[in-house]
> 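Sharing a structure with you now.
We name chains A, B, ... by the order of the sequence lines, and we start the count at 1 in each one.
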There are 2 protein chains.
Amino acid sequence: MQTLSEENYLKAIYNLDKQGLKKITPTAISEALNNNPASVVDMLRKLVEKKLLQYEKSKGVKLTEKGRNIAILIVRKHRLWEVFLLEKLGYGWEEVHEMAEQLEHVQHAELADRLDKFLGFPEYDPHGDPIPKANGETAVTYKTVLAEIPEGGSCRVVAVKDTSPAFLQYLKKLDIGIGTKITMIEKIPFDSSVIIKLGKSNTTTVSRVFAENLVVHE
Amino acid sequence: MQTLSEENYLKAIYNLDKQGLKKITPTAISEALNNNPASVVDMLRKLVEKKLLQYEKSKGVKLTEKGRNIAILIVRKHRLWEVFLLEKLGYGWEEVHEMAEQLEHVQHAELADRLDKFLGFPEYDPHGDPIPKANGETAVTYKTVLAEIPEGGSCRVVAVKDTSPAFLQYLKKLDIGIGTKITMIEKIPFDSSVIIKLGKSNTTTVSRVFAENLVVHE
DNA sequence: TATATTTATTAGGCAAGACTAATTTTTCAC
DNA sequence: GTGAAAAATTAGTCTTGCCTAATAAATATA
Ligand SMILES: [Mn+2]
Ligand SMILES: [Mn+2]
Ligand SMILES: [Mn+2]
Ligand SMILES: [Mn+2]
């Protein structure tokens with residue numbers, strides 16, 4: 001059994017790995033958890049002791065099979081609870097993440113599977129992230145962001161990278177959600193803002209930061 | 001905002017009060033929480049500081065309005081989550097309490113009300129305990145236990161006092177649940193065991209401890 | 001390669017929440 | 001009312017998880 005804090009470290013490390021970070025360092029982890037590298041070093045020692053990860057200064061941090069399984073289960077629970085909160089309790093997609101951060105730590109052997117079944121085995125969470133299956137398999141995450149689409153190209157929104165209420169509320173205001181079709185009209189060289197067209201409606205200009213946090217496909 | 005530990009103290013004190021204990025002492029609280037009176041004294045100091053309760057050695061502990069409201073909300077969430085786990089996820093009544101102990105601490109202003117609505121505003125939890133309403137009102141709890149029914153008298157199960165899996169599994173085995181009709185056949189003076197009849201089926205003998213943990217009405 | 005900068009680690013502390021072992025109060029019994 | 005027993009409180013520790021400051025190690029840079 002792990003503490004809540006240990007679970008959050010495992011999840012953070014798992015996510016950094018999924019994001020493609022090749023060398024996972026104490027500093028990277030401390031940035032993800034918004035705490036101090038010294039605290040991370042303490043905790044890494046403890047997690048190595050518990051055989052949940054390996055740490056060599058040259059290679060960085062690697063989860064063991066056991067550590068990764070725990071991390072996957074937490075992510076699975078997190079995303080399933082987000083679906084529950086949105087679909088069953090009617091919360092908005094900008095509200096569910098914070099509660100899921102608490103719910104993901106609720107412990108019971110069958111909980112994830114029962115929730116999964118109750119929700120009808122959803123494949124994606126409200127932010128477009130794939131929900132790991134009971135056997136631990138996870139669909140590949142799309143990595144292309146709107147900023148990478150060439151002028152004239154078009155795509156559909158498949159996920160958001162940033163799940164902060166600020167970003168999600170802005171998307172809601174622009175009427176952009178998972179599945180929305182976007183055409184890249186023009187890229188402004190000065191500050192990398194982009195002009196896009198939503199469906200067949202009017203065009204909008206969004207910032208570089210915006211365009212780098214919207215995950216698209218096609 | 002309170003810590004998880006503070007919430008558990010408030011809930012324990014609220015429950016002792018509901019059970020009719022006139023003077024709530026550090027020892028009583030430590031027994032409810034399965035910890036040490038010395039720890040309780042530390043925490044009481046902190047909760048007095050936060051104006052969540054008052055403590056005078058002569059009168060014992062009393063929750064303030066603020067403290068009681070927090071306690072009621074925790075109990076409300078606990079019981080609503082129990083209904084959710086039983087009705088929506090299909091758990092048994094002996095399994096839900098442990099998870100509800102975790103879920104009751106999930107924080108969000110609207111959570112209890114949304115859950116309540118989703119569940120169809122249930123009045124009682126799986127163990128027969130009344131679910132506090134959004135405005136804080138709570139139906140009176142029945143207090144008569146099976147042991148108090150006179151020979152020849154009959155009654156219906158309305159709740160269980162003990163919610164441990166051991167007791168609930170035993171009840172399940174005896175096919176006793178909320179609503180089951182029981183007739184008191186005989187009380188054995190020697191050890192206060194009682195012989196009861198379930199519905200119109202056969203008779204069974206149960207212990208004094210058993211008879212004191214089954215709440216009945218009529 | 002030597003120096004500057006960044007990163008990692010160690011050392012020393014702090015707050016929360018619990019515990020054990022005194023010690024002081026209260027309560028009970030006679 | 002006195003002495004014994006029970007309850008409450010205090011004192012002193014421990015663990016977890018975090019922090020800051022100091023030091024050591026690794027990287028970059030010139
Ligand atoms: Mn989330
Ligand atoms: Mn999500
Ligand atoms: Mn319960
Ligand atoms: Mn209950």
> Which one of A:V41, A:L21, A:V61 satisfies the side-chain contact (heavy atoms from CB on, under 4.5 Å) criterion with A:I29?
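The passing option is A:V61.
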> For A:E31 and C:dT6, what is the distance between atoms CD and P respectively, to the nearest whole Å?
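After rounding, the gap between these two atoms is 13 Å.
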> Taking atom C1' of C:dT24 as reference, at what distance in whole Å does atom NZ of B:K57 sit?
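Nearest whole value for this atom pair: 13 Å.
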> Does the ring centre of A:F84 sit less than 6.0 Å away from the ring centre of B:F84?
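Yes, they do, as the ring centres are separated by less than 6.0 Å.
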> Please give, in whole Å, the distance from C:dA16 P to A:L4 CG?
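My rounded result for the distance is 18 Å.
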> Distance check needed: C:dT27 C1' versus B:K59 NZ, whole Å only.
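Interatomic distance, NZ of B:K59 to C1' of C:dT27: 20 Å.
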> Measure from the side chain of B:A38, starting at C-beta and using heavy atoms only, and say which of D:dA11, C:dA8, D:dT20 lies closest.
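Out of D:dA11, C:dA8, D:dT20, the nucleotide with an atom closest to B:A38's side chain is D:dA11.
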> When you match B:R45 and A:D42 each to their closest nucleotide on DNA chain D, which lands nearer the 5' end?
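Nearest-nucleotide comparison on DNA chain D picks B:R45.
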> I want to confirm an ordering. Mapping A:S58 and A:S5 to their closest nucleotides on DNA chain D, which one lands closer to the 5' end?
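Checking each residue's closest nucleotide, the 5'-ward one belongs to A:S5.
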> Quick one: A:E56 CD to C:dT7 P, roughly how many Å, whole number?
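Between P of C:dT7 and CD of A:E56: 21 Å.
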> Please report, rounded to the nearest Å, how far the P atom of D:dC18 is from the CG atom of A:N34.
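Between P of D:dC18 and CG of A:N34: 12 Å.
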> When the distance from CE of B:M1 to P of C:dA16 is rounded to whole Å, what number comes out?
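After rounding, the reported distance stands at 16 Å.
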> Please determine, for the side chain of A:S39, which listed nucleotide (D:dT27, C:dT27, D:dC19) has the closest atom?
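The nucleotide sitting nearest to the side chain is D:dC19.
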> Closest heavy-atom contact between B:V96 and B:H127?
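Heavy atoms of B:V96 and B:H127 come nearest at CG2-CE1, 3.7 Å.
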> Contact class for A:N36 (heavy atom, under 4.0 Å): base, sugar-phosphate, or nothing?
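If one applies the 4.0 Å heavy-atom cut-off, A:N36 turns out to touch a base.
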> Look at the side chain of B:T27 and decide which nucleotide, out of C:dA18, C:dA11, D:dA8, has an atom nearest to it.
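Looking only at heavy atoms from C-beta outward on B:T27, the closest nucleotide is D:dA8.
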> Using the rule side-chain contact (heavy atoms from CB on, under 4.5 Å), only one of B:I13, B:T138, B:V75 pairs with B:K18; which is it?
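Answer after filtering B:I13, B:T138, B:V75: B:T138.
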